Amino acid sequence: DVVLEEPLLVLQQRSESARDAEAAAGFITRARAWWADYVRLSMNEFKHRPVKVLARGEDGAMIPSPAFVRPLQLGRLLPTPRHCARVVSLLR
């Protein structure tokens, strides 16, 4: 059995929380910079369009939205590129 002393455990938890907060802040900074560039390049067409950068997870924590995006695992269900294009066209 491994026994951790409480001060060491508290220090580790604070360190992990600080790391997570720093990562989230960095993500938000990069997302805002991306959005500013996108608005500038798109001639302000999307300036007032809302974009969800963070989303609430099942546990209530705020998580960067890209964390919810996963590749589809279809295996060999689509036999040809034409079938794949059809499935992608239906996702819109």
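Fair warning: this is a prediction, and the values are worked out from it, not measured in the lab.
Residue pairs that meet the salt bridge (charged side-chain N to carboxylate O under 4.0 Å, His left out) test with at least one member in residues 61-71, sequence neighbours left out, do not exist here. For residues 23-37, the pairs satisfying salt bridge (charged side-chain N to carboxylate O under 4.0 Å, His left out) are D37-R40, with sequence neighbours left out. Within the structure, every pair that satisfies the side chain to side chain donor-acceptor pair (under 3.5 Å) test and touches residues 11-20, not counting sequence neighbours, is listed here: Q12-E16.
Using a 4.5 Å heavy-atom threshold, the side chains of L54 and P64 count as touching.
One hydrophobic cluster holds both L9 and V2 under the rule that ILVMFWY side chains link at heavy-atom gaps under 4.5 Å.
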Scan the side chains in residues 77-86 for donor-acceptor partners under 3.5 Å anywhere in the protein, sequence neighbours excluded, and list what turns up.
residue	atom	partner	partner atom	Å
T80	OG1	R82	N	3.4
T80	OG1	H83	N	3.2
T80	OG1	H83	ND1	2.5

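In terms of the side chain to side chain contact (heavy atoms under 4.5 Å, CB included) criterion, residue partners of I63 (sequence neighbours excluded) are, by chain and number, A67, F68. Here V39 pairs with W35, N44, K47 under the side chain to side chain contact (heavy atoms under 4.5 Å, CB included) rule; sequence neighbours left out.
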